[in-house]
Amino acid sequence: MGASRRIGILGGTFDPIHHGHLDLGIAAQQALGLTRLLVVPANAPPHRLQPFASAFHRFAMVALAVVGRPGWCACDLELQRGAPSYTSTTLWSLHEFGYTPTELFFVLGADAFVDIGAWKDYPELLGGAHFAVVSRPGYQIDDLPGRLPALASRMVRVAAATEGFPPSDPSIILIDALTADVSSTAVRRRRAEGHRITGLVVRGVEQHIEQHGLYLATFHDGGQDSRPTSPAADRLHGQS
């Protein structure tokens, strides 16, 4: 693939960041030849419960997770904004920094993309960047045209050897890759139940979680995890 500027954006609550998240970034970087991958923790996700760990801890864990990964960068763009985090707002901000829509590749799992119709500023936000959609356990990219027929004409399979790839207009790029079957909820659950989380997160993130007593919560009968019981979960170096 060419040497043009290709900026990946991997967003999420990252509460905590785990190997499933990292596999998405790795798959997109390899398939698309990304020159840089911004890993962007959300400040306040609009469609989910508020994060269990503070913004300071979540950013610290992202920073630890990207260590040693060429081109990867922990980005606090959404945390600095101090408002609900919307993908459209983040993409418009990157345009103001001088990036064109076709230089940007918003990386996400197929499990998240199937709900794209509920996102703020849909469908306009699809013109703000390429959307690089990676398969996830239970969500294969071959199923996406059938799940989202209105968007099927905009979907293309990644093909590094094809001349003119990626498309000249923002598109939905489908990437078939193996990604770890893990979720942040599963990590928090294991912590709450007193089990180790080795292999679910990178070692530096595991050490940070243990050191600061994060996710020491209980689970209700309905399976939802409660707020953390440790004050350390809401502070980093004395800041709340």
**Student:** Measure across Val62 and Ala74 and return the closest heavy-atom pair with its distance rounded to 0.1 Å.
**Tutor:**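 Of all heavy-atom pairs spanning Val62 and Ala74, the closest is CG1-CB, 3.7 Å.
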**Student:** Within the 4.5 Å heavy-atom criterion, are Pro16 and Phe14 side-chain neighbours or not?
**Tutor:**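 Result no, sub-4.5 Å side-chain heavy-atom pair not found.
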**Student:** Once rounded to the nearest 0.5 Å, what's the spacing between atom CD of Gln140 and atom OG of Ser135?
**Tutor:**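 Atom-to-atom, Gln140:CD and Ser135:OG are 5.5 Å apart.
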**Student:** Mind checking whether Ile209 and Phe59 sit in one hydrophobic cluster, side chains of I, L, V, M, F, W, Y counted as touching below 4.5 Å?
**Tutor:**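 Shared cluster, no.
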**Student:** Output, in order, the C-alpha distance, side-chain angles, deciding distance and verdict of ring-ring contact (aromatic ring centres under 6.0 Å, His included) for Phe106 and His130.
**Tutor:** CA-CA 6 Å; Phe106 189 82; His130 295 293; over 10 Å; no
**Student:** Any salt bridge linking Arg157 with Asp142? Criterion: basic side-chain nitrogen under 4.0 Å from a carboxylate oxygen.
**Tutor:**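 Judged by the 4.0 Å cut-off on N to carboxylate O distance, Arg157 and Asp142 do form a salt bridge.
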**Student:** Ion pair present between Glu193 and Arg190, side-chain N to carboxylate O less than 4.0 angstrom?
**Tutor:**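 No, Glu193 and Arg190 are not salt-bridged.
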**Student:** According to a 4.5 Å side-chain heavy-atom criterion applied to Ile, Leu, Val, Met, Phe, Trp and Tyr, with indirect links allowed, do Ile7 and Leu125 form part of one hydrophobic cluster?
**Tutor:**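 Yes, it is one cluster - the side chains of Ile7 and Leu125 are joined through contacts under 4.5 Å.
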**Student:** Give me the atom names and distance for the closest heavy-atom approach of Pro170 to Ala129.
**Tutor:**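 Nearest pair, atom of Pro170 first, then Ala129: CB-O, 3.5 Å.
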**Student:** With the threshold set at 4.0 Å, does a side-chain nitrogen-carboxylate oxygen contact exist between Glu210 and Arg191?
**Tutor:**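 Judged by the 4.0 Å cut-off on N to carboxylate O distance, Glu210 and Arg191 do not form a salt bridge.
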**Student:** If you apply the rule side-chain contact (heavy atoms from CB on, under 4.5 Å), what do you find for Ile175 with Leu32, and how did you get there?
**Tutor:** CA-CA 9 Å; Ile175 302 172; Leu32 300 170; 4.1 Å; yes
**Student:** Hey, does Pro51 have a side-chain heavy atom less than 4.5 Å from the side chain of Arg58?
**Tutor:**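 A side-chain contact under 4.5 Å exists here.
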**Student:** Please check if the side chain of Arg69 supplies one atom and the backbone of Ala65 the other of a donor-acceptor pair under 3.5 Å.
**Tutor:**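 Here the side-chain-to-backbone pair exists.
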**Student:** Once you round to the nearest 0.5 Å, how far does CD1 of Ile26 lie from CG of Leu37?
**Tutor:**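 These two atoms lie 9.5 Å from each other.
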**Student:** Measuring from atom OG of Ser184 to atom CZ of Arg189, what distance do you get when rounded to the nearest 0.5 angstrom?
**Tutor:**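 One finds 13.5 Å between OG of Ser184 and CZ of Arg189.
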**Student:** Taking the side chain as every heavy atom from C-beta outward, state whether Leu174 and Val158 have any pair of such atoms under 4.5 Å apart.
**Tutor:**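 They are not in contact (no side-chain heavy atoms under 4.5 Å apart), so the answer is no.
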**Student:** Could you tell me if the side chain of Tyr99 sits less than 4.5 Å from the side chain of Arg5, heavy atoms only?
**Tutor:**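 A side-chain contact exists here, since the closest heavy-atom pair is under 4.5 Å.
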**Student:** Once rounded to the nearest 0.5 Å, what's the spacing between atom NE2 of His57 and atom CG of Leu64?
**Tutor:**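 Result: 11.5 Å between the selected atoms.
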**Student:** For Pro101 and Gly127, work out which heavy atoms get closest and say how close.
**Tutor:**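 Between these two residues, the closest heavy atoms are CB-O, 3.5 Å.
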**Student:** Is there a path of hydrophobic side-chain contacts, each under 4.5 Å between heavy atoms, that joins Tyr122 and Val133?
**Tutor:**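 Yes, same cluster.
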**Student:** Going from CG on Leu91 to OH on Tyr86, what distance comes out if it is rounded to the nearest 0.5 angstrom?
**Tutor:**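 Taking CG in Leu91 and OH in Tyr86, the distance rounds to 14.5 Å.
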**Student:** Would you find a donor on one side and an acceptor on the other, under 3.5 Å apart, between the side chain of Asp15 and the backbone of Phe52?
**Tutor:**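 Yes.
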**Student:** Would you say the side-chain atoms of Asp23 and Thr179 include a donor-acceptor pair closer than 3.5 Å?
**Tutor:**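 Their side chains do not contain a donor-acceptor pair, so the 3.5 Å distance test is not met.
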**Student:** To check you understand the geometry: which heavy-atom pair defines the closest contact between Arg136 and Gly109, and what is its length?
**Tutor:**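 Residues Arg136 and Gly109, closest heavy atoms: CG-CA, 3.8 Å.
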**Student:** For the pair Phe113 and Leu148, evaluate side-chain contact (heavy atoms from CB on, under 4.5 Å) and give the outcome as yes or no after the intermediate values.
**Tutor:** CA-CA 9 Å; Phe113 189 73; Leu148 300 168; 3.5 Å; yes
**Student:** Atom CG in Leu10, atom CG in Leu108: separation rounded to 0.5 Å?
**Tutor:**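 Here the rounded value is 9.0 Å.
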**Student:** Would you indicate whether the side-chain heavy atoms of Glu78 and Ser93 approach each other to under 4.5 Å?
**Tutor:**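 The answer is no; the side chains never approach within 4.5 Å.
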**Student:** Report yes or no: does Thr102 contribute a side-chain atom to a donor-acceptor pair with the main-chain N or O of Asp169 at less than 3.5 Å?
**Tutor:**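 Checking the backbone N and O of Asp169 against the side chain of Thr102, no donor-acceptor pair under 3.5 Å is found.
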**Student:** Look at the rings of His18 and His21 and say which category their plane angle falls in: under 30° parallel, 30 to 60° tilted, over 60° perpendicular.
**Tutor:**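 Answer is parallel, since the angle falls under 30°.
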**Student:** Is a side-chain donor or acceptor of His95 paired with a backbone partner of Gly128 at a separation under 3.5 angstrom?
**Tutor:**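 It does hold such a pair.
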**Student:** Taking atom types as modelled, find out whether Ser85 and Asn43 have a side-chain donor-acceptor pair closer than 3.5 angstrom.
**Tutor:**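 Side chains of Ser85 and Asn43: no pair found under 3.5 Å.
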**Student:** Kindly indicate whether the side chain of Ile172, heavy atoms from C-beta on, has any atom under 4.5 Å from the side chain of Leu151.
**Tutor:**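 Of all side-chain heavy-atom pairs linking Leu151 with Ile172, at least one is under 4.5 Å.
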**Student:** May I ask whether Phe97 and Val40 are part of the same hydrophobic cluster, defined by side-chain heavy atoms of I, L, V, M, F, W, Y residues being less than 4.5 angstrom apart, directly or through others?
**Tutor:**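 The answer is yes; both residues are in one hydrophobic cluster.
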**Student:** Quiz question: by atom type and distance under 3.5 Å, do the side chains of Arg81 and Thr90 form a donor-acceptor pair?
**Tutor:**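 Present: a donor and an acceptor within the cut-off.
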**Student:** Counting C-beta onward and ignoring hydrogens, is there a side-chain heavy-atom pair between Phe131 and Ile173 closer than 4.5 Å?
**Tutor:**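 Sidechains of Ile173 and Phe131: no contact.
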**Student:** Taking all non-hydrogen atoms of both residues into account, name the closest pair between Val107 and Val134 and its distance.
**Tutor:**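 For Val107 and Val134, the tightest heavy-atom pair comes out as CG1-CG2, 4.4 Å.
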**Student:** Is any side-chain heavy atom of Leu22 closer than 4.5 Å to one of Ile17?
**Tutor:**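 Yes - at least one pair of side-chain heavy atoms lies under 4.5 Å apart.
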**Student:** Determine, using the 4.5 Å side-chain heavy-atom cutoff (strictly less than), whether Leu94 and Trp119 are members of one ILVMFWY cluster.
**Tutor:**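 Same hydrophobic cluster.
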**Student:** Check the pair Arg6, Glu103 against side-chain contact (heavy atoms from CB on, under 4.5 Å), reporting the backbone distance first and the verdict last.
**Tutor:** CA-CA 5 Å; Arg6 297 181 182 181; Glu103 290 178 318; over 6 Å; no
**Student:** Any donor-acceptor pair under 3.5 Å linking the side chain of Gln29 with the backbone of Pro70?
**Tutor:**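 Yes; judged by distance alone, with no hydrogens or angles, the pair exists.
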**Student:** Let me see the working for Arg154 and Ser171 under side-chain contact (heavy atoms from CB on, under 4.5 Å), right down to the final yes or no.
**Tutor:** CA-CA 6 Å; Arg154 302 182 64 166; Ser171 301; 5.6 Å; no
**Student:** Between Asp121 and Ser88, which heavy-atom pair has the shortest distance, and what is it?
**Tutor:**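 That closest heavy-atom pairing would be OD2-OG, 2.6 Å.
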